[in-house]
Protein chains: 2
Amino acid sequence: MIKLGKLTDYAIAVMGQLVHEAADSPAHDKEGAMSSSAHYLASRTGIPEPTIAKVLKMLAKGGLVTSMRGAAGGYRLAKPADQISIGEIIAVMDGPIAIVGCVEEDKEHCNMWETCPTKENWGRVNDAIKSALDGVKLQDMLSTPACGNVPDFTKDVDADCA
Amino acid sequence: MIKLGKLTDYAIAVMGQLVHEAADSPAHDKEGAMSSSAHYLASRTGIPEPTIAKVLKMLAKGGLVTSMRGAAGGYRLAKPADQISIGEIIAVMDGPIAIVGCVEEDKEHCNMWETCPTKENWGRVNDAIKSALDGVKLQDMLSTPACGNVPDFTKDVDADCA
DNA sequence: TAGAAACAGGACTTTTTTAGTACGATAAAG
DNA sequence: CTTTATCGTACTAAAAAAGTCCTGTTTCTA
């Protein structure tokens, strides 16, 4: 089954939680908006802390969240939730969206790139998938922190998942 | 990187080869069209025989090729190449196309299926991807047996790959 | 200024998935 | 009845993903 990695599911769950946090923040919309620590987010989402820390680091490196170090540091969304697409999140977590390995970036591994007539078709397929994923925004995925992915440990997480 | 398994690439290559074989067949279009053995297809595509055998078995079970046993047996396409979509092939080789595990089939593993508001969105995404893949037919991928996937052993395979 | 809280980065281990192989059984042709 | 094939399944090995941990750096607070 063509599917996303678990870390990607976690990422969407975590970012969803960050949306909640931003909305609840008193300094909402302001520059000095609150940030949430990995520890806190772990407790809210039920995802184990070491794992969620890894996910957050990846998201930070990908520019989807901004981080602040030191005590009282943490993470917050880099952009409003309706400007972050699912496609972006997947790209950061799973790498570029390309259904086949035979893609522009590593054409040197393909001994017949120049003459291969199928690459345009794969390109069209990839583009179609990409726009499908870019059309759905994080905002659309909201209301619940960890649905759509499934780990069992979400069970005891929270009640606003409905 | 979201990508297909190698076996799926092989499958497309093999089915492409079967298209060639059917076209070259004297009994082309007839009921008694020739069939190609796994051994022969392996030699034509450069894919190792045990592996290609496995692929063909999967394709046969999925109904994309028909098989005939016994001496002079082998495989042939179950449908014309322009009626076989890439999506079908992927579905047979990699299972149903569903970008998340949280899909109708195994909703019992999700403890909040009923109330989860994101499943419809994932459904839309899945559908978009599915139609992108169903829109491309095997016919469109033709002209060369093993391009678009890349294994190095395609190098010494054949000359009509251009 | 010392200590605590928190992220950064990387190395490491474990688990899961995928790929590849092998073998005994069955079926058809000559 | 021998040869050429597929069928089904089980097994092994290799690759990828997930998860964990440690060491260092930054920043706030007391």
Side-chain angles (χ1 to χ4, degrees), chain A residues 1-11 13-14 18 21 32 34-43 45-76 78 90 92-95 101 149-153, chain B residues 1-11 13-14 18 32 34-43 45-76 78 90 92-95 101 109 149-153:
Chain A
M1 168 146 63
I2 311 287
K3 62 173 198 297
L4 301 177
K6 281 192 202 174
L7 296 186
T8 306
D9 282 340
Y10 297 160
V14 170
L18 284 175
E21 299 301 328
M34 61 175 285
S35 64
S36 310
S37 72
H39 178 78
Y40 173 75
L41 291 169
S43 75
T45 58
I47 299 168
E49 184 165 342
T51 299
I52 212 176
K54 184 183 201 174
V55 169
L56 285 164
K57 278 182 260 191
M58 294 172 83
L59 290 173
K61 191 149 64 179
L64 294 182
V65 301
T66 56
S67 64
M68 278 159 306
R69 320 226 307 196
Y75 298 92
R76 82 174 69 129
I90 293 174
V92 166
M93 299 302 296
D94 278 330
N149 29 73
V150 169
D152 278 338
F153 48 67
Chain B
M1 170 145 64
I2 310 286
K3 64 172 195 297
L4 302 178
K6 281 192 204 172
L7 296 185
T8 305
D9 282 339
Y10 296 160
V14 170
L18 284 175
M34 61 174 285
S35 62
S36 311
S37 71
H39 178 79
Y40 172 76
L41 290 169
S43 77
T45 59
I47 299 168
E49 183 166 343
T51 300
I52 212 174
K54 183 182 201 174
V55 169
L56 285 163
K57 280 182 255 189
M58 294 172 82
L59 290 172
K61 191 150 63 179
L64 293 182
V65 302
T66 57
S67 63
M68 275 159 308
R69 320 222 311 192
Y75 297 91
R76 85 174 70 126
I90 293 174
V92 165
M93 299 301 296
D94 278 332
H109 294 131
N149 30 72
V150 168
D152 277 338
F153 49 68

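A note on names: the letters A, B, ... follow the listed sequences, proteins ahead of strands, and every chain is numbered from 1.
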(request) Write down the atom of B:S35, the atom of B:G74, and the distance for their closest heavy-atom approach. (result) OG-N, 3.5 Å
(message) Going by side chain to side chain contact (heavy atoms under 4.5 Å, CB included), A:L7 matches just one of A:L59, A:I52, A:V55. Which one?
(response) A:V55
(request) Would you indicate what B:L56 reaches in the nucleic acid, counting non-hydrogen atoms under 4.0 angstrom: base, sugar-phosphate, or nothing? (result) nothing
(request) Identify which one of A:M68, A:M34, A:E21 satisfies the side chain to side chain contact (heavy atoms under 4.5 Å, CB included) criterion when paired with A:R76. (result) A:M68
(message) Please check this pair: side chain of B:T45 against backbone of B:L41, looking for a donor-acceptor N/O pair closer than 3.5 Å.
(response) yes
(message) Whole angstroms only, please: what is the CE-C1' distance between A:M58 and C:dC7?
(response) 16 Å
(message) Rounded to whole Å, please give me the gap between NZ in B:K6 and C1' in C:dT18.
(response) 9 Å
(request) For B:A60 and for A:K57, find the nucleotide of DNA chain D with the closest heavy atom, then tell me which residue's nucleotide is more 5'. (result) B:A60
(request) Grab the NZ-P distance between B:K61 and D:dT6 for me, whole Å please. (result) 16 Å
(request) Using atom CG of B:L59 as one end and atom C1' of D:dC7 as the other, report the distance to the nearest whole Å. (result) 14 Å
(request) Consider the side chain of A:A38, meaning its heavy atoms from C-beta on, and name the nucleotide among C:dA22, C:dC7, D:dC28 that approaches it most closely. (result) C:dC7
(request) Let me know, please, whether A:K54 or B:S67 comes out on the 5' side of the other along DNA chain D by nearest nucleotide. (result) B:S67
(request) Tell me which nucleotide among C:dT21, C:dA5, D:dA5 gets nearest to the side chain of B:T51. (result) C:dT21
(message) Can you identify which nucleotide, out of C:dC7, C:dA29, C:dG20, has its nearest atom closest to the B:A71 side chain?
(response) C:dA29
(message) Please report the distance, rounded to the nearest Å, between OH in B:Y75 and C1' in D:dC7.
(response) 8 Å
(request) For A:Y75 and A:L18, work out which heavy atoms get closest and say how close. (result) O-CD2, 3.7 Å
(message) If I take atom NE2 in residue A:H39 and atom P in nucleotide C:dC7, what distance separates them, rounded to the nearest angstrom?
(response) 10 Å
(message) With hydrogens left out and only the distance checked, is there a donor-acceptor pair under 3.5 Å joining B:R69's side chain and the base of C:dT26?
(response) yes
(message) Can you tell me if B:Y10 touches the phosphate of C:dG20, counting only side-chain N or O atoms and a distance under 4.0 Å to OP1 or OP2?
(response) yes
(request) Figure out the CG/C1' separation between B:L7 and C:dG20, and round it to whole Å. (result) 9 Å
(request) Report the distance from atom CD1 of A:I52 to atom C1' of C:dC7, rounded to the nearest whole Å. (result) 14 Å
